[in-house]
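Below you'll find the structure I mean.
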Amino acid sequence: MSPLAGHRYAVGSMPDTRTIQAHLAGLIDQAARAAVANGDLPDVALPEPSIDRPKDAANGDFASALPMRLARAAMKPPLEVARAIASHIPADATIDPPEVAPPGFINLRLSNAFIQEQVEHVIREGAAYADLGLGKGKKAQVEFVSANPTGPLHVGNGRGAAIGDALAAVLGAAGYEVSREYYVNDAGTQADTFTDTLYARYQQLFGRSVEIPKDGYPGEYMVDLAKALRERASDGYLRPEGEAAPKELGPAGIELMLQSIRAALDSFGVHYDTWYSERSLYESGGAYDTAMRILREKGLLADREGALWFSSSELGEDKDNVVVRSDGHPTYYASDIAYHWDKFIRRGYDLVVDVWGADHHGHVSRLKTATGAVGADPEALHILLYQLVFLKRSGEAVKLSKRAGELVTLSELISDVGADAAKFFFLLRSPGAQMDFDLDLAVKQSAENPVFYVQYAHARLCSILERAREQGITPDGGDVSLLTQPAELALVREMMRLTDVIEVVASSLEPQQLPHYAMSLANAFHAFNDSFKQANDPSLKVITEDTALSAARLRLVLAARIALARVLGLMGMSAPERM
RNA sequence: GCCCCCGUAGCUCAGCGGAUAGAGUGUCGGCCUCCGGAGCCGAAGGCACAGGUUCGAGUCCUGUCGGGGGUACCA
């Protein structure tokens with residue numbers, strides 16, 4: 001993000017879309033120094049010049065507010081400071097002559113030559129267009145969904161899936177070596193409760209009058225699961241009445257549940273590199289043993305009231321927390337400490353993103369503290385909380401709860417509104433904002449979801465290229481300097497923004513800019529394409545009798561397709577060639 | 001009680017200290033004999049409230065009100 005102050009480019013080697021802002025910041029910085037040296041400005045401390053994008057295109061492509069920040073120290077009106085700096089901006093091939101505007105902006109407009117050159121840049125980069133080097137040489141992991149395998153994924157999990165998958169893709173584009181991980185909670189109390197419920201349902205199938213546990217899972221899917229096990233093993237899991245469930249029942253049930261979770265994510269287009277078993281943390285000499293040993297050696301574990309406590313209050317937490325319950329079972333917290341030791345220390349990730357539902361909020365601070373205590377850098381752990389999804393059916397609130405047994409599954413959502421539309425819908429909202437999800441409305445809106453607007457633009461770009469090919473015209477050899485129409489240049493400008501978007505998303509870890517940008521890019525294309533139509537002039541089309549101009553415009557179409565396909569890909573959506 | 005997130009257009013949401021606060025959808029009005037109208041252009045309509053910081057606040061700080069979450073030897 002930091003501008004390369006004083007960065008120079010040799011003649012003939014223009015900066016590309018990745019570095020134009022740094023280049024412009026360098027020009028401003030250089031000009032400000034020259035103004036000081038020349039006596040046009042008093043010798044004041046110069047902050048790093050920031051480069052903004054004006055909201056209104058009339059104010060140029062980029063602007064600097066530096067004069068307003070210098071005005072007080074320089075004891076001059078901001079507009080005068082702006083003029084002083086602007087007059088020292090050197091002639092540069094990337095920009096037209098700068099302008100100053102009240103109350104004290106320096107406005108910069110990109111030259112047509114520079115903009116045209118970006119079309120070649122995009123085509124050259126191809127599928128890697130807008131890749132950044134931010135995370136070069138660094139390993140990142142995004143862990144998301146990680147829902148307990150005690151029930152099917154619900155709509156809320158879908159939000160986590162869409163967010164996590166898009167973040168992983170963007171981090172990859174930003175240069176990180178990225179791994180997607182699902183943490184399988186196959187140990188602990190909820191797994192036990194799951195087993196107890198499953199065994200009760202299983203016994204019921206054989207005519208025994210057994211109740212499911214009071215804190216068990218009442219959902220109908222548990223009956224289906226029991227039936228599946230009966231089909232597979234007949235009465236093989238049955239034990240004499242009154243006895244506990246056989247050891248193999250739990251894992252068998254969890255495996256079945258995981259299969260359905262995997263299938264749902266698969267149909268959502270989300271694929272993982274690693275499915276990490278919580279139980280594996282407890283192998284002898286494994287992550288759990290190691291992490292607890294580290295805490296013990298640091299004197300951070302204390303036996304009290306029959307349980308083992310992590311002395312987190314010594315590290316600034318509100319209170320101590322139990323890591324091993326008085327019944328001898330480790331808590332979820334203990335698992336997570338071991339798991340994060342494993343992520344950072346054993347596997348060596350430089351950046352870890354945990355995508356959690358906001359109901360885990362209370363766990364954030366103490367996990368960061370514990371992560372530091374086992375020897376990792378808590379700053380490298382980013383916990384992204386997404387607010388819960390409030391389900392509605394025709395205005396009526398539906399609470400998401402596996403335990404209540406009432407839920408709307410991700411699979412149902414996918415078959416009702418489609419994976420691409422659902423993802424787009426989830427990604428549009430910032431993770432921190434609660435969202436209402438009216439299922440009836442979603443089904444109705446799926447046909448007019450903005451995702452189709454974006455995909456439609458891609459399909460049209462493809463069909464223009466196809467139509468040209470049929471007429472024997474290709475983008476090859478097109479001269480981009482022929483692209484001078486406002487709508488053409490506007491489309492390139494929009495394509496150039498993708499690098500900004502990736503940088504912002506990768507550093508903020510909030511993906512909502514992706515769908516907004518995608519709509520904006522699609523709109524720039526539609527406006528470009530329609531401008532020819534509205535003009536009702538046959539020379540104003542992509543494919544015209546002027547083959548040189550046609551080839552140039554086809555290069556633009558090709559580049560636009562590349563950019564649009566890229567952003568669709570980052571969101572985990574398909575880029576259809578026809579619809 | 002204490003802690004955290006969120007209150008922006010009729011509805012669903014962007015906006016991350018800069019110029020006249022944007023988009024989708026909905027409403028109203030225009031535009032194509034078109035390389036795909038699942039399109040383009042325009043209009044109406046809004047920062048919960050009260051202070052503060054700043055040259056500049058939807059954005060940062062404090063408080064009030066409203067919605068949600070957390071505050072377990074559940075996860």
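Atoms considered below: every heavy atom in the structure, side chains included; atoms not considered: hydrogens, waters and symmetry mates. Chain A is the first sequence line, chain B the second, and so forth, proteins listed ahead of strands; every chain is numbered from 1.
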All side-chain contact (heavy atoms from CB on, under 4.5 Å) counterparts of Ser463(A), not counting sequence neighbours:
none
Would you check if the side chain of Thr544(A) reaches a backbone N or O of Lys541(A) as a donor-acceptor pair within less than 3.5 Å?
no
Could you give the distance from CD1 (Ile212(A)) to CG (Asp196(A)), rounded to the nearest 0.5 Å?
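Interatomic distance, Ile212(A) CD1 to Asp196(A) CG, rounded to 0.5 Å: 11.0 Å.
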Report yes or no: does Ser520(A) contribute a side-chain atom to a donor-acceptor pair with the main-chain N or O of His516(A) at less than 3.5 Å?
no
Once you round it to whole Å, what is the distance between P of C73(B) and CZ of Phe310(A)?
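Rounded to whole Å, this separation is 16 Å.
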Treating His382(A) as the side-chain partner and Glu379(A) as the backbone partner, does any N or O pair qualify as donor plus acceptor under 3.5 Å?
yes
Give the rounded distance in Å between these two atoms: CG of Leu461(A) and C1' of G36(B).
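Going from CG in Leu461(A) over to C1' in G36(B) covers 12 Å.
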Between C5(B) and U59(B), how far apart are the two P atoms, rounded to whole Å?
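Per the computed distance, 15 Å lies between those P atoms.
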Is the shortest side-chain N/O distance from Asn449(A) to OP1 or OP2 of A38(B) below 4.0 Å?
no
Report the distance from atom CD of Glu317(A) to atom C1' of C2(B), rounded to the nearest whole Å.
15 Å
Exercise: do Gln190(A) and Asn185(A) side chains pair donor with acceptor under 3.5 Å
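No, Asn185(A) and Gln190(A) have no side-chain donor paired with an acceptor closer than 3.5 Å.
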Counting any heavy atom closer than 4.0 Å, what does Gln455(A) reach on the DNA or RNA strands: base, sugar-phosphate only, or nothing?
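Contact class for Gln455(A): none.
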Nearest whole angstrom, please: distance from the P of C3(B) to the NZ of Lys319(A).
16 Å
Do any side-chain nitrogens or oxygens of Arg460(A) fall under 4.0 Å of OP1 or OP2 in G37(B)?
yes
Within the structure shown, what part of the strands sits under 4.0 Å from Ser326(A) by heavy-atom distance: base, sugar-phosphate, or nothing?
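Ser326(A): base contact, heavy atoms under 4.0 Å.
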Minimum-distance pair of heavy atoms, taken over all atoms of Leu465(A) and Pro475(A):
CD2-CG, 4.0 Å
Report each atom pair, protein N/O against N/O of nucleotides 65-67 of chain B, whose distance is under 3.5 angstrom.
unit_1: G67(B); atom_1: N2; unit_2: Gln434(A); atom_2: OE1; d: 2.5

Does the Asp52(A) side chain pair with the main chain of Pro54(A), one donor and one acceptor, at a distance under 3.5 Å?
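No, because the side chain of Asp52(A) does not come within donor-acceptor range (under 3.5 Å) of the backbone of Pro54(A).
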Using the P atom in both, what is the distance from C40(B) to C32(B), to the nearest Å?
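Between the two P atoms, the distance is 16 Å.
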Length of the line joining Phe528(A):CZ and C41(B):P, which is rounded to integer Å
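Phe528(A) atom CZ is separated from C41(B) atom P by 14 Å.
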Backbone N or O of Ser313(A) within a donor-acceptor pair of the Asp320(A) side chain at under 3.5 Å?
yes
Tell me the interatomic distance from Trp356(A), atom CH2, to G70(B), atom C1', rounded to whole angstroms.
13 Å
Under the 3.5 angstrom rule, does the side chain of Ser326(A) hit a backbone N or O of Ala307(A) as a donor-acceptor pair?
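No, Ser326(A) side chain to Ala307(A) backbone: no donor-acceptor pair under 3.5 Å.
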Sticking with atom P, work out how far U53(B) lies from G58(B), rounded to a whole angstrom.
16 Å
On RNA chain B, nearest-nucleotide positions of Arg467(A) versus Glu305(A): which is more 5'?
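So the residue in question is Arg467(A).
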Is there, by distance only and without an angle test, a donor paired with an acceptor across the side chain of Asn529(A) and the base of C35(B) below 3.5 Å?
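When only heavy-atom distances are counted, Asn529(A) does reach the base of C35(B) through a donor-acceptor pair under 3.5 Å.
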Are Arg325(A) and C74(B) close enough that a side-chain N or O sits under 4.0 Å from OP1 or OP2?
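For C74(B), OP1/OP2 do have a side-chain N/O of Arg325(A) under 4.0 Å.
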Assign Arg53(A) to base, sugar-phosphate, or nothing according to its heavy-atom contacts below 4.0 angstrom with the strands shown.
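Counting heavy atoms under 4.0 Å across all strands, no contact is made by Arg53(A).
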Assign Tyr332(A) to base, sugar-phosphate, or nothing according to its heavy-atom contacts below 4.0 angstrom with the strands shown.
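Counting heavy atoms under 4.0 Å across all strands, the contact made by Tyr332(A) includes a base.
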Asp186(A) vs Ser280(A) side-chain heavy atoms within contact, under 4.5 Å:
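Answer no - side chains too far apart.
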Without swapping roles, check the side chain of Glu143(A) against the backbone of Val352(A) for a donor-acceptor pair under 3.5 Å.
no
Distance, nearest 0.5 Å, that separates NE2 of His361(A) from CD1 of Ile383(A)
11.0 Å
Check nucleotides 25-30 of chain B against the protein and report each pair of N or O atoms closer than 3.5 Å, with its distance, or say if there are none.
none

Pairwise C1' distance for A23(B) and C47(B), with rounding to whole Å:
16 Å
What interatomic distance, in whole Å, is found between C1' of U25(B) and the corresponding atom of A38(B)?
15 Å
Using heavy atoms and a sub-4.0 Å distance, could you list which residues of residues 358-365 of chain A are near RNA chain B? By number, please.
Ala358(A), Asp359(A), His360(A), His361(A), Gly362(A)
Check side-chain contact (heavy atoms from CB on, under 4.5 Å) between Ala457(A) and all other residues, then give those that pass, not counting sequence neighbours.
Ala522(A), Phe525(A), His526(A), Leu564(A)
Expected list for residues 330-337 of chain A: side-chain donor-acceptor pairs under 3.5 angstrom, two or more places apart:
unit_1: Thr331(A); atom_1: OG1; unit_2: Val322(A); atom_2: O; d: 3.0
unit_1: Thr331(A); atom_1: OG1; unit_2: Val323(A); atom_2: O; d: 3.4
unit_1: Thr331(A); atom_1: OG1; unit_2: Tyr333(A); atom_2: N; d: 3.4
unit_1: Thr331(A); atom_1: OG1; unit_2: Ala334(A); atom_2: N; d: 3.2
unit_1: Tyr333(A); atom_1: OH; unit_2: Arg366(A); atom_2: O; d: 2.9
unit_1: Ser335(A); atom_1: OG; unit_2: Glu278(A); atom_2: OE2; d: 2.6
unit_1: Ser335(A); atom_1: OG; unit_2: Tyr282(A); atom_2: OH; d: 2.6
unit_1: Asp336(A); atom_1: OD2; unit_2: His363(A); atom_2: NE2; d: 3.1

Taking C61(B) as the reference, what is the distance to C73(B) when you measure between their P atoms (whole Å, please)?
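Here C73(B) and C61(B) have their P atoms 32 Å from each other.
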Once hydrogens and angles are ignored, does a donor-acceptor distance under 3.5 Å link the base of C35(B) to the side chain of Ser463(A)?
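Side chain to base: no pair present.
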Remember a base hit wins even if backbone is also touched, and classify Met435(A) as base, sugar-phosphate or nothing at under 4.0 Å, heavy atoms.
sugar-phosphate
Indicate, with a heavy-atom threshold strictly under 4.0 Å, whether Glu470(A) touches base, sugar-phosphate, or nothing.
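It contacts nothing in the nucleic acid.
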Within the structure, does a side-chain N or O atom of Tyr453(A) lie under 4.0 Å from either OP1 or OP2 of C40(B)?
yes
With sequence neighbours left out, what residues match Lys76(A) under salt bridge (Lys or Arg N to Asp or Glu O under 4.0 Å)?
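Testing Lys76(A) for salt bridge (Lys or Arg N to Asp or Glu O under 4.0 Å), a comparison that skips the adjacent residues, returns Glu80(A).
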If I take atom CE in residue Met579(A) and atom P in nucleotide G39(B), what distance separates them, rounded to the nearest angstrom?
10 Å
Those residues at least two apart in sequence (or on a different chain) that pass side chain to side chain donor-acceptor pair (under 3.5 Å) with Arg83(A) are none
In chain order, what residues pass the side-chain contact (heavy atoms from CB on, under 4.5 Å) check against Val417(A), with sequence neighbours excluded?
Leu413(A), Ala422(A), Ala442(A), Val443(A), Ser446(A)
Under 4.0 angstrom, heavy atoms only, what part of the nucleic acid is Ala459(A) near: base, sugar-phosphate, or nothing?
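Base contact - Ala459(A) has a heavy atom under 4.0 Å of at least one base atom.
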Once base and sugar-phosphate atoms are separated, protein heavy atoms under 4.0 Å mark nucleotides 14-19 of chain B, 5' to 3', with B, S and - as SSB-BB
5'-to-3' dot-bracket of RNA chain B (Watson-Crick, G-U; under 3.5 angstrom; crossing pairs as [ ]; | other strand):
(((((((..((((....[...)))).(((((.......)))))....(((((..]....))))))))))))....
Quick one: list whatever passes side chain to side chain donor-acceptor pair (under 3.5 Å) with Tyr183(A), sequence neighbours left out.
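Applying side chain to side chain donor-acceptor pair (under 3.5 Å) to Tyr183(A) gives none.
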Can you see if the side chain of Arg72(A) gets near the phosphate of C55(B) - specifically, an N or O under 4.0 Å from OP1 or OP2?
yes
